[in-house]
Amino acid sequence: MTTPGYGQYCPISRALDVLGERWSLLILRDLLLGTARYNDLARGLPGLSRSLLAKRLRQFERAGLVEKVGSAYLLTAAGRELEPILFGLGEWGARWAFGDPQQAELDPAVLVWWMHTRLDTSSFPGKRHVLAVRFTDVPHRFWIVVESGVPSVCAADPGYPVDVTIISDVGSLYLVWLGRLPVIQAIRTGRLSFAGPSALTRRMPSVLRLSPMAPYTGSVPVDFASRAS
């Protein structure tokens with residue numbers, strides 16, 4: 001069954017036939033940021049049913065945006081050309097449609113999943129690095145294990161010694177991740193702390209690389225008074 005298009009001979013109309021359905025742009029966002037496997041895409045988009053994810057990926061294949069190689073979905077040249085469009089949309093959203101977070105938007109599991117591929121632990125000794133994430137306002141705990149530069153997320157203790165524990169409330173860590181709350185300010189105000197050997201904790205501001213959206217969202221004013229209340 002073919003989904004009816006807009007019935008207009010216009011490049012924007014044709015583009016929306018491919019990209020305009022629910023979840024499409026967020027799936028493409030994650031593909032552009034390096035997520036390639038079905039289970040990883042599903043983990044980063046928990047509100048999206050797996051059946052709809054599979055349907056969207058098939059649509060992208062038919063449209064020539066992705067190709068499946070083994071178990072990986074790889075962007076084609078056409079798919080990669082969407083990067084400035086997606087990031088331009090993010091820049092517009094940061095300027096005109098972004099504000100303080102809503103409680104329903106603050107998912108600790110999604111935040112840790114986003115963060116885990118943006119950690120640069122190359123300055124840590126050894127080949128295995130373990131960062132624990134402890135939230136002060138929810139019971140969830142997570143461990144990020146980086147083995148020879150390859151990161152993974154664990155929702156249960158993997159049994160390895162922890163190098164550094166990241167301690168924050170969910171909202172504050174989101175603000176740090178998005179560049180809206182500078183790391184040094186978050187530490188100074190007690191909204192973020194690092195526990196572990198000082199030789200490692202003092203490296204954490206450079207280890208924690210921020211969201212690719214941080215250059216845009218970091219310019220959005222934050223109502224810290226309302227966040228603290």
Side-chain angles (χ1 to χ4, degrees), residues 29-46 69-75 80 83 87 106-215 217-218:
R29 174 201 66 187
D30 288 3
L31 288 167
L32 284 164
L33 293 176
T35 305
R37 300 185 184 278
Y38 177 85
N39 285 337
D40 291 341
L41 287 165
R43 192 166 181 179
L45 298 164
V69 180
S71 60
Y73 291 89
L74 304 180
L75 289 165
R80 290 192 299 272
E83 182 171 357
F87 276 79
L106 301 178
D107 186 322
V110 170
L111 174 58
V112 174
W113 181 253
W114 284 345
M115 289 172 55
H116 90 286
T117 59
R118 300 284 295 173
L119 296 171
D120 180 7
T121 59
S122 59
S123 64
F124 283 15
K127 293 185 177 181
R128 178 192 295 134
H129 312 132
V130 181
L131 302 176
V133 184
R134 178 164 64 83
F135 292 107
T136 58
D137 55 341
V138 295
H140 306 77
R141 288 197 67 177
F142 300 91
W143 290 260
I144 300 172
V145 180
V146 184
E147 292 263 14
S148 300
V150 179
S152 60
V153 176
C154 302
D157 190 342
Y160 303 129
V162 172
D163 295 296
V164 175
T165 300
I166 302 169
I167 305 167
S168 178
D169 64 274
V170 179
S172 293
L173 194 55
Y174 259 101
L175 292 176
V176 169
W177 161 248
L178 285 167
R180 302 186 68 198
L181 175 59
V183 173
I184 300 304
Q185 183 180 347
I187 294 171
R188 188 173 61 246
T189 57
R191 300 176 70 171
L192 171 68
S193 62
F194 303 112
S198 60
L200 300 182
T201 58
R202 65 169 176 257
R203 300 170 192 256
M204 287 304 296
S206 61
V207 167
L208 180 57
R209 296 186 299 152
L210 303 184
S211 164
M213 286 288 103
T217 58

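Here the structure is a predicted model, which means the values were calculated and not measured. Hydrogens, waters and symmetry mates are skipped; everything else that's a heavy atom, side chains included, is used.
For Arg134 (side chain) and Ile167 (main-chain N/O), no donor-acceptor pair under 3.5 Å exists by modelled atom type. In this structure, the side chain of Asp120 does not engage the main chain of Arg209 through any donor-acceptor pair within 3.5 Å. In this structure, the side chain of Ser172 does not engage the main chain of Ser168 through any donor-acceptor pair within 3.5 Å. Looking at Asp163, its side chain does come within 3.5 Å of a backbone N or O of Val130 through a donor-acceptor pair. The main-chain N or O of Asp107 is found under 3.5 Å from a side-chain atom of Tyr174 such that the two form a donor-acceptor pair. Remark: side-chain polar atoms of Arg118 are paired, donor with acceptor, to backbone N or O of Leu210 under 3.5 angstrom.
In this structure, Leu200 CG and His129 NE2 are separated by 8.5 Å, a value rounded to the nearest 0.5 Å. Annotation: the span from His116 atom NE2 to Arg43 atom CZ amounts to 7.5 Å, rounded to 0.5 Å. A distance of 4.5 Å separates CG of Leu111 from CG of Leu173, quoted to the nearest 0.5 Å. Between Arg191 atom CZ and Asp169 atom CG the span is 6.5 Å, to the nearest 0.5 Å. Within the model, atoms OG of Ser148 and NZ of Lys127 stand 5.5 Å from one another, a figure rounded to the nearest 0.5 Å. The distance from the CZ atom of Arg188 to the OG atom of Ser193 is 15.0 Å, given to the nearest 0.5 Å.
In this structure the side chain of Val164 never reaches within 4.5 angstrom of the side chain of Val207, judged on heavy atoms. Side-chain contact between Ile166 and Phe194: present, with at least one pair of heavy atoms (C-beta onward) separated by less than 4.5 Å. Contact check for Leu131 versus Met204: side-chain heavy atoms found under the 4.5 Å cut-off. The shortest side-chain heavy-atom distance between Met115 and Phe142 does not fall under the 4.5 Å cut-off. The side-chain heavy atoms of Met213 and Phe87, taken from C-beta on, include a pair separated by under 4.5 Å. Within the 4.5 Å cutoff, side-chain heavy atoms of Pro212 are placed close to those of Leu33.
In terms of heavy atoms, Val110 sits closest to Pro46 at CG2-CG, 3.4 Å. Nearest approach of Pro158 to Trp143, heavy atoms of both residues: CD-CG, 3.5 Å. Of all heavy-atom pairs between Arg37 and Ala72, the closest is NH1-N, 4.3 Å. Summarising the geometry of Cys154 relative to Val145, their closest heavy-atom pair is SG-CG2, 4.2 Å, with the distance given to 0.1 Å. The shortest non-hydrogen separation linking Ala186 to Val176 is CB-CG2, 3.7 Å.
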_Test side-chain contact (heavy atoms from CB on, under 4.5 Å) on Leu178 and Arg180; report intermediate values, then the result._
CA-CA 6 Å; Leu178 285 167; Arg180 302 186 68 198; 4.2 Å; yes
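Under the 30°/60° scheme for interplanar angles, the aromatic rings of Trp177 and Trp114 are found to lie parallel.
Checking each of Thr136, Leu175, Val112, Val138 against Val170 for a side-chain contact (heavy atoms from CB on, under 4.5 Å) leaves exactly one that passes, namely Val138.
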